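Throughout, numbering of the chain's residues begins at 1 and tracks the sequence. Values in this document were obtained by computation on a predicted structure and should not be read as measured data.
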Amino acid sequence: EVLEAGQEPLAAGGPWWRTLWSRLAAWLKRIEHTVVAEFIGDVIGYLEPGARAAVHAAVTTTLESLAAQLVPADGKTPVTFIAHSLGTVIISNALWDATKARRARGQEGFHAALRFDNFFSLGSPLALFSLQYGGPEAFKYPIAVEDDRGRWVNVFDRDDPMGMPL
């Protein structure tokens with residue numbers, strides 16, 4: 001018999017199914033706590049303004065490093081973003097904020113040296129995050145690729161509780 005540490009073997013006699021049921025319930029509770037801690041906890045952490053600012057600063061630093069290494073002399077370097085789950089929200093927010101800041105200064109695009117050509121979002125909860133602004137119907141100005149030939153492809157599984165159509 002294989003048991004987890006600290007478990008007693010099923011007692012002989014008495015209602016065996018009650019012991020089995022309580023072990024199953026305890027196992028399901030551990031799974032529930034794991035899901036909450038690993039998935040929803042990240043979302044709650046990201047929504048805290050200081051954490052969001054720190055994450056966006058890390059994205060900006062990475063993009064600046066990329067721009068310094070790859071920018072051709074004759075224009076902007078095309079960039080394709082591939083993101084999964086909460087990462088799709090982070091990239092969308094960071095690009096939106098950067099584009100908005102540049103527009104306020106009369107500049108085009110999200111970056112001076114990089115061009116947003118493609119976005120592949122995988123298992124994206126952006127539709128859920130739109131609830132902050134009144135739902136998908138109120139989410140009228142999403143990020144947009146900057147190249148006419150660019151694409152935003154959203155890949156999702158209908159069985160994924162977080163990934164949704166956009």
Side-chain angles (χ1 to χ4, degrees), residues 25-72 75-166:
W27 178 74
L28 289 172
K29 184 57 85 177
R30 282 195 308 274
I31 288 175
E32 177 184 52
H33 288 173
T34 300
V35 167
V36 168
E38 290 188 12
F39 298 105
I40 298 173
D42 287 347
V43 171
I44 292 168
Y46 175 69
L47 292 176
E48 193 278 320
R52 179 177 165 155
V55 169
H56 285 213
V59 170
T60 300
T61 299
T62 301
L63 291 172
E64 292 303 328
S65 176
L66 177 69
Q69 296 173 43
L70 301 177
V71 175
K76 290 185 172 189
T77 298
V79 178
T80 294
F81 291 93
I82 303 170
H84 174 255
S85 194
L86 182 57
T88 65
V89 175
I90 291 168
I91 290 299
S92 175
N93 288 348
L95 294 176
W96 173 258
D97 291 348
T99 301
K100 184 177 174 184
R102 285 180 53 80
R103 277 192 192 136
R105 296 188 303 266
Q107 300 168 326
E108 293 295 318
F110 85 99
H111 194 277
L114 303 172
R115 185 182 68 231
F116 177 28
D117 275 16
N118 300 291
F119 185 31
F120 293 91
S121 52
L122 311 165
S124 179
L126 273 168
L128 290 174
F129 275 79
S130 72
L131 296 174
Q132 297 176 82
Y133 308 103
E137 298 79 25
F139 210 42
K140 300 194 184 312
Y141 303 104
I143 59 171
V145 296
E146 298 172 8
D147 185 327
D148 292 339
R149 296 172 297 160
R151 300 191 188 302
W152 179 348
V153 178
N154 182 50
V155 179
F156 70 99
D157 181 339
R158 294 199 185 278
D159 293 329
D160 181 350
M162 299 300 280
M164 301 183 166
L166 300 175

Please identify each residue that fulfils side-chain hydrogen bond (donor to acceptor under 3.5 Å, both in side chains) with Ser65, with sequence neighbours left out. Gln69
Any chance you could lay out the side-chain contact (heavy atoms from CB on, under 4.5 Å) test for Ser92 and Leu126, step after step, and finish with the verdict? CA-CA 9 Å; Ser92 175; Leu126 273 168; 3.9 Å; yes
Residue pairs involving residues 78-98 (criterion salt bridge (Lys or Arg N to Asp or Glu O under 4.0 Å); sequence neighbours excluded): Arg52-Asp97
side-chain hydrogen bond (donor to acceptor under 3.5 Å, both in side chains) partners of Thr62, counting only residues at least two apart: none
What are the two closest non-hydrogen atoms of Gly109 and Lys76, and how far apart are they? CA-NZ, 4.3 Å
Rounded at 0.5 Å granularity, tell me how far CG in Leu95 sits from NE2 in His56. 9.0 Å
Going from CG on Leu47 to CG on Leu86, what distance comes out if it is rounded to the nearest 0.5 angstrom? 8.5 Å
Rounding to 0.5 Å, atoms CZ (Phe81) and CG (Leu114) come to a distance of 7.0 Å
Across all chains, not counting sequence neighbours, the side-chain hydrogen bond (donor to acceptor under 3.5 Å, both in side chains) partners of Arg103 are none
Nearest heavy atoms of Ala51 and Gly45, plus distance in Å: CB-O, 3.1 Å
Going from CZ on Arg102 to NE2 on His111, what distance comes out if it is rounded to the nearest 0.5 angstrom? 7.5 Å
Residues Arg151 and Asn118: closest non-hydrogen pair is N-OD1, 3.0 Å
Between Pro125 and Ser85, which heavy-atom pair has the shortest distance, and what is it? CD-O, 3.2 Å
Only pairs at least two apart or in different chains count here, so list each ring pair (Phe, Tyr, Trp, His ring centres under 6.0 Å) that has a residue in residues 143-166. Phe119-Trp152
Please name all residues satisfying side-chain hydrogen bond (donor to acceptor under 3.5 Å, both in side chains) with Arg105, sequence neighbours left out, ordered by chain then number. Gln107
Please set out all donor-acceptor pairs under 3.5 angstrom arising from side-chain atoms of residues 142-150, sequence neighbours excluded.
| unit_1 | atom_1 | unit_2 | atom_2 | d |
| --- | --- | --- | --- | --- |
| Glu146 | OE1 | Phe116 | N | 3.3 |
| Glu146 | OE2 | Phe110 | N | 2.9 |
| Asp147 | OD1 | Arg149 | N | 2.8 |

For residues Thr77 and Leu70, report the shortest heavy-atom separation together with the two atoms involved. OG1-O, 3.0 Å
Pair Thr80-Phe120, side-chain contact (heavy atoms from CB on, under 4.5 Å): steps then yes or no: CA-CA 8 Å; Thr80 294; Phe120 293 91; 3.7 Å; yes
Side chains of Thr88 and Ser121, donor plus acceptor under 3.5 Å: no
Please enumerate all residues that pass ring-ring contact (aromatic ring centres under 6.0 Å, His included) together with Trp96, with sequence neighbours excluded. none
